Asker: 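I'd like to ask you about the structure that follows.
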There are 2 protein chains.
Amino acid sequence: MNALQLFFKESHQLSPDDLHFIVNHFEMISAPKGTILFHEGMVVDAVYFIAEGVLHHFNYNENGEKTTLDLHNGPCFCTDLESFSDGKKSEDSCVTLTDSTLFKLTKDKYDALIKTDVKWSNFAKDIIEKTLIKMLDQLKTVSTKTIEQRYLDLVKNSPLIIQSASVADIASYLGTSRETLHRIRKKNIFA
Amino acid sequence: MNALQLFFKESHQLSPDDLHFIVNHFEMISAPKGTILFHEGMVVDAVYFIAEGVLHHFNYNENGEKTTLDLHNGPCFCTDLESFSDGKKSEDSCVTLTDSTLFKLTKDKYDALIKTDVKWSNFAKDIIEKTLIKMLDQLKTVSTKTIEQRYLDLVKNSPLIIQSASVADIASYLGTSRETLHRIRKKNIFA
DNA sequence: TTGTTAGTGTGTCATTTGACACAGTAGAAG
DNA sequence: CTTCTACTGTGTCAAATGACACACTAACAA
């Protein structure tokens, strides 16, 4: 049983047949470090399930400065939803920071799946809803906790991200400068 | 035709019958300034459509400090999704800052609606998806733009929020102190 | 009227932060 | 091995920020 099946089995009650049916719509991809899932200017026509690996989701602001939007650590889904959903050109890019195992679901197959059965429409709704709850929580965390607290949480909960991403990218993710993150790290050598 | 019908008509293609059917599940509420939609500790068993009015969505962190999570300005939906979806006790509170017109959909009716027809399941999925895209954009804005830029955007796009919320609450929403927001306002008297 | 309360405007000051500069290091490529 | 490149570590300093303090105003109740 692969990571995708395990994820679906634990998060939703699906019969073995349903599990098999849904997983067969995904294509497994072994993506070495440095693989570009999508980049600025392209239409993102797939959603990826990250079974294993760390991914860097970023964009460039109007001054050409790189901003880290997210550091994904599987298992979780990853796409540019606005591009995937509306067919717009993406403003973001996403690259693997470690060798990764991904499962790709193309938009064609996704759309077909949604139309097949109420069950799959509700399935998609639940996944989107869970993602929204996660994002709302992230927004709450950003406005409530200090950068130091968030860094320590990251060290505790996602050591793989700390290992794989550069200080500059982590600093950008936390919304501070490379130097300030360095001060925080020096202060918390024990962590 | 009321604001809810107008919103649904513009955001989704619905037949007049469908429009009538869905809107009839909502209850219209005239909520004077100071009305509490939900508060910390209660299970939020309804989703609200804000037809008109400004609402303050906030919580208290572990130090007992009030943090503004959102300042809603209709037309838009408002609930504590995690509480509504999972039946958990809410950590947040939501209060009207102006006399408001709301449309309330209880969880019972929502659940029944979802089961009725694929159409309503997909309808809910689309609304949740749009909300998620909005939240992702908000998260991007928070990490990309300066507080001053965000304040000026707020003045430009949501003058009602600026008029209705206190300086302290807006500062908290932007992630800064009352005093720093005051400096920004002094610097931009023209705005 | 007089308190009372909540919110605003503003000055001072210590602290934090970001920007800049540069040395050190590790890994890749020749 | 040497060179190149990217990243890390670190010091200095000016600027931004938050905390504190207090006067002022408006709304409301006694």
Side-chain angles (χ1 to χ4, degrees), chain A residues 32-36 54 56 58 60-68 71 93 95-99 142-152 154-155 159-191, chain B residues 32-36 54 56 58 60-68 71 93 95-99 142-152 154-155 159-191:
Chain A
K33 176 177 171 177
T35 303
I36 298 168
V54 177
H56 187 205
F58 61 95
Y60 294 91
N61 69 8
E62 63 275 5
N63 302 324
E65 295 151 344
K66 192 174 174 179
T67 307
T68 296
L71 290 164
S93 303
V95 177
T96 56
L97 294 181
T98 63
D99 293 347
V142 169
S143 31
T144 303
K145 295 193 174 184
T146 64
I147 287 167
E148 182 162 1
Q149 278 177 313
R150 287 171 58 208
Y151 172 73
L152 293 174
L154 206 59
V155 169
L160 275 179
I161 288 178
I162 301 289
Q163 283 170 39
S164 315
S166 72
V167 174
D169 289 339
I170 297 171
S172 165
Y173 174 61
L174 295 172
T176 189
S177 68
R178 197 172 69 79
E179 293 91 337
T180 297
L181 178 55
H182 186 257
R183 288 174 190 128
I184 292 173
R185 296 179 75 153
K186 204 157 68 171
K187 195 174 138 195
N188 296 282
I189 312 172
F190 55 84
Chain B
K33 177 177 170 175
T35 303
I36 298 170
V54 178
H56 187 204
F58 61 96
Y60 294 90
N61 69 8
E62 63 275 8
N63 302 324
E65 294 152 344
K66 193 176 175 179
T67 307
T68 297
L71 291 165
S93 302
V95 178
T96 57
L97 294 181
T98 62
D99 295 347
V142 169
S143 30
T144 303
K145 294 194 175 183
T146 64
I147 287 166
E148 183 163 359
Q149 277 178 315
R150 287 171 57 209
Y151 172 72
L152 294 174
L154 206 59
V155 169
L160 275 178
I161 288 179
I162 299 291
Q163 282 170 39
S164 315
S166 72
V167 174
D169 289 339
I170 297 171
S172 164
Y173 174 63
L174 295 173
T176 191
S177 68
R178 198 173 67 80
E179 293 90 338
T180 296
L181 178 55
H182 186 258
R183 288 175 192 130
I184 291 172
R185 297 180 73 154
K186 204 159 65 173
K187 194 173 137 195
N188 296 283
I189 312 170
F190 55 85

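Chain letters run A, B, ... following the sequence lines, proteins first and then strands; every chain starts at 1. None of the values given here were measured: they were computed from a predicted structure.
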Asker: Can you tell me the distance, in whole Å, between the CZ atom of B/R185 and the P atom of C/dG7?
Answerer: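 Those two atoms, CZ and P, are 14 Å apart.
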
Asker: Does the A/T96 side chain pair with the main chain of A/D99, one donor and one acceptor, at a distance under 3.5 Å?
Answerer: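 Side chain of A/T96 to backbone of A/D99: no pair is present.
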
Asker: Give a yes or no on whether the backbone of B/A171 and the side-chain of B/T176 come within a donor-acceptor separation of less than 3.5 Å.
Answerer: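 Not confirmed, B/T176 side chain does not pair with B/A171 backbone.
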
Asker: Have B/D169 and B/S172 got a donor and an acceptor in their side chains that come within less than 3.5 Å?
Answerer: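 Their side chains do not contain a donor-acceptor pair, so the 3.5 Å distance test is not met.
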
Asker: Between B/I162 (CD1) and C/dT8 (C1'), how many Å, whole number?
Answerer: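 My rounded result for the distance is 15 Å.
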
Asker: Figure out the CG/P separation between B/D169 and C/dA6, and round it to whole Å.
Answerer: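 It is 14 Å, rounded to the nearest whole Å.
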
Asker: Kindly say if B/K186 contacts the phosphate of C/dT8, meaning a side-chain N or O under 4.0 Å from OP1 or OP2.
Answerer: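 For C/dT8, OP1/OP2 do not have a side-chain N/O of B/K186 under 4.0 Å.
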
Asker: Is the count of non-hydrogen atoms from other residues, nucleotides or ligands lying under 6.0 Å from B/K33 atom NZ greater than 12?
Answerer: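 No.
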
Asker: Starting at atom CD of B/E148, determine the distance to atom C1' of D/dA15, rounded to an integer number of angstrom.
Answerer: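 Rounded to whole Å, this separation is 14 Å.
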
Asker: So, is A/T180 close to the C/dG18 phosphate, meaning a side-chain N or O under 4.0 Å from OP1 or OP2?
Answerer: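 Yes, within the criterion.
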
Asker: Looking at A/H182, does any N or O in its side chain come under 4.0 Å of the phosphate oxygens OP1/OP2 on D/dT8?
Answerer: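 So the side chain of A/H182 is outside the cut-off, no N or O lying under 4.0 Å from OP1 or OP2 of D/dT8.
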
Asker: Tell me whether the OP1 or OP2 atom of D/dG18 has a side-chain N or O from B/T176 closer than 4.0 Å.
Answerer: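 True: B/T176 side-chain N/O within range (under 4.0 Å) of D/dG18 OP1/OP2.
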
Asker: Could you check how far NE2 of B/H56 sits from C1' of C/dG7, rounded to whole Å?
Answerer: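 Interatomic distance, NE2 of B/H56 to C1' of C/dG7: 14 Å.
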
Asker: Can you tell me whether the side chain of B/R183 and the base of C/dG11 have a donor-acceptor pair closer than 3.5 Å?
Answerer: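 Per atom types, no contact qualifies.
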
Asker: Rounded to the nearest angstrom, tell me the gap between atom CD1 in A/I184 and atom P in D/dT8.
Answerer: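 Distance, rounded to whole Å: 15 Å.
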
Asker: Quick one: the side chain of B/R178 and the base of C/dG9, do they pair up donor-acceptor inside 3.5 Å?
Answerer: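 Flag set: donor-acceptor pair detected.
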
Asker: Does A/I147 or A/E179 map to a spot on DNA chain C nearer the 5' end, using the closest nucleotide for each?
Answerer: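 Result: A/I147.
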
Asker: To the nearest Å, give me how far apart CD1 (A/I170) and P (D/dT8) are.
Answerer: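 Taking CD1 of A/I170 and P of D/dT8, I get 8 Å after rounding.
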
Asker: Send over the distance from B/N188 CG to C/dG9 C1', rounded to a whole Å.
Answerer: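 The answer, rounded to whole Å, is 16 Å.
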
Asker: Picking from D/dG18, C/dA19, D/dC7, which would you name as closest to the side chain of A/S166?
Answerer: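 For the A/S166 side chain, the nearest candidate turns out to be D/dC7.
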
Asker: Between A/L181 and B/V167, which is nearer to the 5' end of DNA chain C once each is assigned its nearest nucleotide?
Answerer: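 Per heavy-atom nearest nucleotide, the more 5' residue is B/V167.
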
Asker: Pick out which of A/T180, A/L71, A/L181 makes a side chain to side chain contact (heavy atoms under 4.5 Å, CB included) with A/L174.
Answerer: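 Answer after filtering A/T180, A/L71, A/L181: A/L181.
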
